[in-house]
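The structure appears right after this line, and notes come after that.
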There are 2 protein chains.
Amino acid sequence: MARAATTSDVYNAIAEPRRRAILELLCEAERAVNDVADELDLDQPSVSKHLRVLREVDLVNVRRDGRRRLYSANADALRPVHEWVTMFERFWSRQLDAIQTRAEARAKRRRRRRNKERR
Amino acid sequence: MARAATTSDVYNAIAEPRRRAILELLCEAERAVNDVADELDLDQPSVSKHLRVLREVDLVNVRRDGRRRLYSANADALRPVHEWVTMFERFWSRQLDAIQTRAEARAKRRRRRRNKERR
DNA sequence: TTGACACATACCGATATCGGAATATATTAA
DNA sequence: TTAATATATTCCGATATCGGTATGTGTCAA
């Protein structure tokens with residue numbers, strides 16, 4: 001056996017940087033193949049092939065519009081990856097941690113709110 | 001050019017399911033190579049090779065202990081992946097969403113707290 | 001109907017993978 | 001020193017990738 005197919009898994013599909021770039025683009029708004037190619041400076045066959053991989057793992061949806069095909073991101077398919085990576089959150093080093101920072105921001109907001117209510 | 005090296009990226013490194021399994025194991029506690037092999041039912045050379053990939057992308061640390069080598073996970077290296085995937089959180093469908101649920105739990109706690117303060 | 005446009009697919013070459021088996025290296029124990 | 005243990009590395013074959021180029025398919029417009 002060789003390396004797993006890129007289409008075997010969301011993990012394998014997003015291992016390719018251009019496919020990640022395509023996904024970032026497509027979650028803003030749906031786009032035609034050539035628009036993606038132009039915006040990312042790739043050639044059309046390459047984009048078509050990457051989109052095929054993304055479609056096979058359900059990371060994008062397609063819709064026909066005349067002679068064009070409009071692709072959009074299906075962010076839901078990334079949730080398993082998010083969940084897997086999140087398992088490790090509690091093992092991250094705490095200093096200058098984004099979570100920590102966000103938690104502090106929340107606490108600050110809470111304090112402010114309480115002070116306001118007290119006055 | 002062919003597919004990117006597995007060692008070129010954390011994304012490529014974690015695309016392989018056995019490497020993810022190894023990481024899950026190593027974040028609990030450091031382990032020797034053969035222990036990993038036993039627990040995951042893999043053979044030793046395979047584990048050594050996977051660990052080499054994980055080490056090259058800084059996902060694990062090694063420590064010598066006599067004739068053994070104790071590997072441990074470096075969860076921090078997963079943070080870029082977490083951040084990238086989290087970008088898509090706001091595009092997830094909202095119904096039965098874990099985030100939603102957690103947000104609601106937070107809101108409930110806040111309400112309870114406020115009520116307590118009011119009494 | 002023909003031509004232009006948008007996109008998908010097929011083919012090629014170079015490359016890196018992964019599993020498996022064999023072997024090399026390093027450390028401890030006898 | 002020698003044997004045993006723990007781990008790393010090397011070699012092999014089969015396979016799938018990715019970029020590039022060429023070509024196929026389908027749709028609209030004149």
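Just so you know, these numbers come straight off a predicted model, no measurement behind them. So you know, we letter chains A, B, ... as the sequences are listed, proteins then strands, and number each from 1.
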Which nucleotide in [options] has an atom nearest any side-chain atom of [X]:
X     : options                : answer
A:R68 : D:dT17, C:dC7, D:dT7   : C:dC7
A:K49 : D:dT7, C:dG19, D:dG19  : D:dG19
A:R64 : D:dT9, D:dT27, D:dA6   : D:dT27
A:R69 : C:dT17, D:dG19, C:dA8  : C:dA8
B:N34 : C:dC5, D:dT17, D:dT7   : D:dT7
A:P45 : D:dT21, C:dA22, D:dT15 : D:dT21

Look at all strands and tell whether [X] reaches a base, only sugar-phosphate, or nothing, counting heavy atoms closer than 4.0 Å.
X     : value
B:S48 : base
B:T6  : sugar-phosphate
B:A32 : sugar-phosphate

Separation of atom [atom1] in [X] from atom [atom2] in [N], rounded to whole Å:
X     : N      : atom1 : atom2 : result
B:L51 : D:dA8  : CG    : P     : 7 Å
A:H50 : D:dG19 : NE2   : P     : 4 Å
B:D41 : C:dG20 : CG    : P     : 11 Å
B:E16 : C:dG19 : CD    : C1'   : 10 Å

Distance test, side-chain N/O of [X] to OP1/OP2 of [N], below 4.0 Å:
X     : N      : answer
B:Y71 : D:dA8  : yes
B:R3  : C:dT15 : no
B:R19 : C:dC18 : yes

Are B:V36 and B:L42 connected in the hydrophobic side-chain network, where two residues link if heavy atoms are under 4.5 Å apart? yes
Answer with yes or no whether the side chains of B:R18 and B:H50 bring together a donor and an acceptor at under 3.5 Å. no
Between A:R52 and A:E56, is there a side-chain N and carboxylate O pair less than 4.0 Å apart?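 Salt bridge flag = yes for A:E56 with A:R52.
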Measure the CD1-SG distance between B:I22 and B:C27 for me, rounded to the nearest 0.5 Å.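 Reported to 0.5 Å precision, the distance equals 12.5 Å.
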Let's test your reading of the model: under 3.5 Å, does the base of C:dA8 pair with the side chain of A:Q44 as donor and acceptor?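 Indeed, a donor on one side and an acceptor on the other fall under 3.5 Å apart.
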Check each of B:L51, B:L70, B:L59, B:N61 against B:L26 using the side-chain contact (heavy atoms from CB on, under 4.5 Å) test, and report the only one that passes.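 So, applying the side-chain contact (heavy atoms from CB on, under 4.5 Å) to B:L26 and each of B:L51, B:L70, B:L59, B:N61, only B:L51 qualifies.
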